[in-house]
Amino acid sequence: MSQLQNGVERITKVMMIGLLGLIVVLAVHGLTLDNAMAGVKFYLYPDFNKIKHIGLLNVIVAAMNQSFFTLSIGIGSMAIFGSYLKKDKTLLGEAVNVAVLDTFVAIVAGLIIFPACFSFGVNPDSGPSLIFITLPNVFLSMTGGRIWGALFFLFMAFASLSTVIAVFENIIACTMELWNITRKKSVIINLILITVFSLPCALGFNVLDFLQPLGSGSTILDLEDFIVSNLLLPLGSLVYLLFCTSRLGWGFKNYQTEANMGDGPKIQNWMQGYLTIILPIAVIFVFISSLI
């Protein structure tokens with residue numbers, strides 16, 4: 001815990017505040033670009049014909065899968081950082097703060113990307129590469145753009161690093177507890193294993209590009225993304241949920257007592273039915289729909 005607080009937490013607090021301020025500035029600037037309102041309309045105005053064509057169920061399932069992914073629910077990173085929280089704030093209150101901040105950042109990011117796409121003639125469905133296509137153009141159109149761009153990608157690098165650490169800390173902590181070894185040994189062992197297991201994904205774009213597991217044009221990365229987003233995240237969430245609320249696991253009362261420590265909104269008794277019945281059914285529904 002001390003390593004995280006003295007290292008990762010101290011640095012990321014400053015970096016994330018800086019990144020948050022930068023994206024707000026970029027969003028404001030993006031709205032002043034030529035043809036920006038066309039991008040805003042594309043982003044925020046619902047197209048019911050496309051929803052009908054794709055299917056409302058598919059839209060909902062895709063949104064739920066994205067929420068699992070962006071909040072790192074189900075694969076342990078939230079669990080490991082949650083275990084390091086102090087007892088002065090309730091878990092529900094912290095969860096609400098995380099969800100609100102994540103949603104705010106996502107909405108503001110859209111106000112940067114889509115107006116810039118329509119302003120600079122970039123295809124808005126280019127995927128993750130958009131950040132490296134549209135944002136450089138935004139920075140070039142700004143006074144002092146090189147400085148803004150350097151700061152943004154520096155902060156982004158630290159944001160990515162904090163996410164990686166969140167996931168790896170879960171693996172390292174589990175290894176330490178299960179094998180009763182020191183943190184140093186756990187880091188070395190997992191560094192070797194993660195490097196080896198990462199090679200197929202890295203080589204999938206060159207040496208192993210003949211492997212197309214999800215059909216023509218797909219890569220090993222696509223397969224791994226499908227496994228994580230559509231299988232591990234919802235199933236992991238279901239395991240956590242059932243463990244916390246089921247009598248076969250920790251039990252709802254024990255979970256309620258732990259979650260309600262500190263100041264903030266509390267888990268109420270009436271939520272038991274929602275957490276033990278409705279929410280598990282919803283997660284199972286998302287999982288099955290993703291497979292179909």
Side-chain angles (χ1 to χ4, degrees), residues 15-73 97-163 217-219 221-222 225-226 228-230 233 286 289-290:
M15 290 293 179
M16 292 308 98
I17 292 174
L19 180 60
L20 187 63
L22 264 177
I23 65 173
V24 172
V25 171
L26 291 174
V28 173
H29 175 75
L31 295 176
T32 66
L33 297 173
D34 295 336
N35 206 30
M37 288 302 106
V40 174
K41 182 179 179 180
F42 173 83
Y43 175 44
L44 297 179
Y45 186 77
D47 189 334
F48 294 104
N49 290 327
K50 287 186 177 180
I51 293 175
K52 183 179 179 179
H53 175 71
I54 298 172
L56 179 61
L57 178 61
N58 291 328
V59 173
I60 293 174
V61 170
M64 292 299 296
N65 281 331
Q66 175 62 23
S67 67
F68 282 122
F69 181 82
T70 188
L71 292 171
S72 298
I73 298 174
N97 291 338
V98 170
V100 169
L101 183 59
D102 181 84
T103 303
F104 171 77
V105 170
I107 293 174
V108 175
L111 293 176
I112 300 172
I113 297 295
F114 291 106
C117 285
F118 280 78
S119 179
F120 298 111
V122 178
N123 190 351
D125 62 356
S126 300
S129 60
L130 275 176
I131 192 173
F132 302 107
I133 299 174
T134 58
L135 285 178
N137 288 317
V138 173
F139 293 128
L140 287 175
S141 68
M142 297 174 65
T143 303
R146 290 186 178 182
I147 298 176
W148 289 110
L151 287 174
F152 178 83
F153 284 107
L154 174 64
F155 293 162
M156 277 294 296
F158 274 93
S160 302
L161 180 62
S162 68
T163 302
S218 65
T219 64
L221 175 61
D222 294 321
D225 177 62
F226 173 80
V228 172
S229 300
N230 295 74
L233 290 174
V286 170
S289 299
S290 299

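Just so you know, these numbers come straight off a predicted model, no measurement behind them. Each residue takes its place number in the sequence, starting with 1.
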Heavy atoms of Y43 and A106 approach each other most closely as OH-O, 3.5 Å
Would the number of heavy atoms belonging to other residues, nucleotides or ligands and lying under 6.0 Å from CG of N97 be above 12? yes
Can you find a heavy atom in the side chain of V105 that is under 4.5 Å from one in the side chain of L20? yes
For a quick check under 3.5 Å, do T219 and D222 share a side-chain donor-acceptor pair by atom type? yes
Locate the shortest heavy-atom distance separating P124 from F118; write the atom from each residue and the value. CG-CE1, 4.4 Å
For residues H29 and T32, determine if any side-chain heavy atom of one lies less than 4.5 Å from a side-chain heavy atom of the other. yes
Nearest-0.5 Å distance, CZ of residue F139 to OG1 of residue T134: 9.0 Å
Rounding to 0.5 Å, atoms CG (L19) and CZ (F153) come to a distance of 11.0 Å
Please check if the number of heavy atoms outside I147 that lie under 6.0 Å from its CD1 is greater than 12. no
Would you give the length of the straight line joining atom CE of M142 to atom CG of L33, rounded to the nearest 0.5 angstrom? 9.5 Å
From I112 atom CD1 to L31 atom CG, the distance as rounded to the nearest 0.5 Å: 9.5 Å
How long is the straight-line distance from CG of L140 back to CG of L135, given to the nearest 0.5 Å? 11.0 Å
Gap separating the CG atom of D102 from the CD1 atom of I107, nearest 0.5 angstrom: 10.0 Å
Going through the checks in order, is the side chain to side chain contact (heavy atoms under 4.5 Å, CB included) test met by F42 and C117? CA-CA 10 Å; F42 173 83; C117 285; over 6 Å; no
For V138 against A116, the heavy-atom pair lying closest together: CG2-CB, 3.6 Å
Ignoring hydrogens and geometry, is there a side-chain-to-backbone donor-acceptor pair from S119 to P115 under 3.5 Å? no
Do you know which two heavy atoms are closest between V108 and I23, and how far apart they sit? CG1-O, 3.5 Å
Is there a side chain to side chain contact (heavy atoms under 4.5 Å, CB included) between M37 and V40? Walk through the geometry before answering. CA-CA 5 Å; M37 288 302 106; V40 174; 3.9 Å; yes
Give the intermediate values and the outcome of side chain to side chain contact (heavy atoms under 4.5 Å, CB included) for residues N65 and L233. CA-CA 8 Å; N65 281 331; L233 290 174; over 6 Å; no
I would like to know whether F104 and V24 meet side chain to side chain contact (heavy atoms under 4.5 Å, CB included); could you show each step before the answer? CA-CA 10 Å; F104 171 77; V24 172; 4.2 Å; yes
